[in-house]
Amino acid sequence: QVQLVESGGGLVQTGDSLRLSCAASGRTFSTYAMGWFRQAPGKEREFVAGISWSGGVTYYGDSVKGRFTISRDNAKNTVYLQMNSLKPEDTAVYFCAAAGPLSYNYRDYVAAAPREYDYWGQGAQVTVSS
């Protein structure tokens, strides 16, 4: 069982930066692939970024490539999403998710579909004003 708690959301202006954090409970966090998704009102949940449990592989949604960076600190059981050059269309509730636990053979696996994730956080609101 893994519990995920997001933090760092808020209200910012266009062009600003924000960093989201997701703190995970559980001893085996380091064997979970992690991801960030977002959902705006009236829209489907959208993949934002994913990272393998090795930390060596990352994958991004097209709308955030070059602006967002996912990273993880397994010693702190935390995954981060650094968001730069924010736009009003980035406004959404951002969710952290965990897939696993995964064996060593899947250490570089990154999941991009919501159905591949087993645990979800409660979400953090990010609002970007124009």
Side-chain angles (χ1 to χ4, degrees):
Q1 188 78 13
V2 174
Q3 292 185 324
L4 305 172
V5 179
E6 300 97 336
S7 61
L11 172 64
V12 296
Q13 295 184 336
T14 298
D16 284 352
S17 297
L18 203 60
R19 189 177 80 159
L20 300 180
S21 300
C22 173
S25 66
R27 297 176 297 172
T28 59
F29 169 79
S30 61
T31 62
Y32 283 77
M34 300 297 295
W36 287 96
F37 289 78
R38 67 187 183 186
Q39 189 165 18
K43 295 188 177 181
E44 293 186 353
R45 192 162 293 193
E46 175 190 11
F47 173 76
V48 175
I51 187 168
S52 62
W53 72 245
S54 72
V57 180
T58 57
Y59 185 63
Y60 296 91
D62 288 342
S63 61
V64 306
K65 283 180 182 176
R67 300 189 297 123
F68 290 12
T69 302
I70 188 172
S71 61
R72 67 189 296 160
D73 186 338
N74 287 341
K76 295 182 178 180
N77 278 17
T78 302
V79 63
Y80 304 96
L81 184 68
Q82 177 65 43
M83 303 183 293
N84 298 329
S85 302
L86 283 161
K87 305 175 182 179
E89 50 264 44
D90 294 318
T91 295
V93 177
Y94 283 71
F95 297 91
C96 173
L102 301 173
S103 69
Y104 183 76
N105 289 340
Y106 289 88
R107 63 191 181 279
D108 292 328
Y109 176 75
V110 178
R115 65 179 181 277
E116 297 179 276
Y117 286 86
D118 304 293
Y119 303 99
W120 292 83
Q122 82 289 350
Q125 177 69 47
V126 172
T127 302
V128 185
S129 64
S130 57

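In what follows, residues are counted from 1 in the order of the sequence shown. Excluded from the calculations below are hydrogen atoms, water molecules and symmetry mates; all remaining heavy atoms, backbone and side chain alike, are included. Predicted model only: the values in this text are computed from it and were never measured.
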Starting at [atom1] of [X], measure out to [atom2] of [Y] and round the result to the nearest 0.5 Å.
X     : Y      : atom1 : atom2 : answer
Leu18 : Gln82  : CG    : CD    : 8.0 Å
Tyr80 : Cys96  : OH    : SG    : 11.5 Å
Leu81 : Ser71  : CG    : OG    : 8.5 Å
Leu4  : Gln122 : CG    : CD    : 9.0 Å
Phe29 : Tyr119 : CZ    : OH    : 13.5 Å
Glu46 : Arg38  : CD    : CZ    : 4.0 Å

Parallel, tilted or perpendicular: which one describes the rings of Trp120 and Phe37, with boundaries at 30° and 60°? tilted
Aromatic ring pairing Tyr94/Phe68, orientation class (parallel under 30°, perpendicular over 60°, tilted between): tilted
Quick one: does [X]'s side chain have a donor or acceptor within less than 3.5 Å of a partner on [Y]'s backbone?
X      : Y      : value
Tyr59  : Ser52  : no
Asp118 : Gly100 : yes
Ser7   : Leu20  : no
Ser30  : Asn74  : no
Gln3   : Ser25  : no
Thr91  : Val128 : yes

Check ion pair Asp90-Lys87 (N to O, under 4.0 angstrom): no
Hphob cluster co-occupancy, [X] + [Y], side-chain heavy atoms under 4.5 angstrom:
X     : Y      : value
Met83 : Val79  : yes
Val2  : Met34  : yes
Val5  : Tyr117 : no
Trp36 : Ile51  : yes
Val12 : Val48  : yes

Does Arg67 qualify as a cation-pi partner of Tyr60, given the criterion of NZ or CZ under 6.0 Å from the six-membered ring centre and within 45 degrees of its axis? no
Should we say atom NZ of Lys43 is surrounded by more than 12 heavy atoms from elsewhere, each under 6.0 Å from it? no
Evaluate whether atom CD of Gln13 has more than 12 neighbouring non-hydrogen atoms of other residues, nucleotides or ligands under 6.0 angstrom away. no
Indicate the atoms forming the closest heavy-atom contact of [X] with [Y], along with that distance.
X      : Y      : result
Lys76  : Thr78  : O-OG1, 2.8 Å
Glu116 : Ala99  : O-CB, 3.4 Å
Ser85  : Ser17  : N-OG, 4.3 Å
Tyr32  : Pro101 : OH-CD, 3.3 Å

Do Gln39 and Pro114 come close enough that some side-chain heavy atom pair is under 4.5 Å? no
Can a donor-acceptor pair be found between the side chains of Asp108 and Ser54 at a distance below 3.5 Å? yes
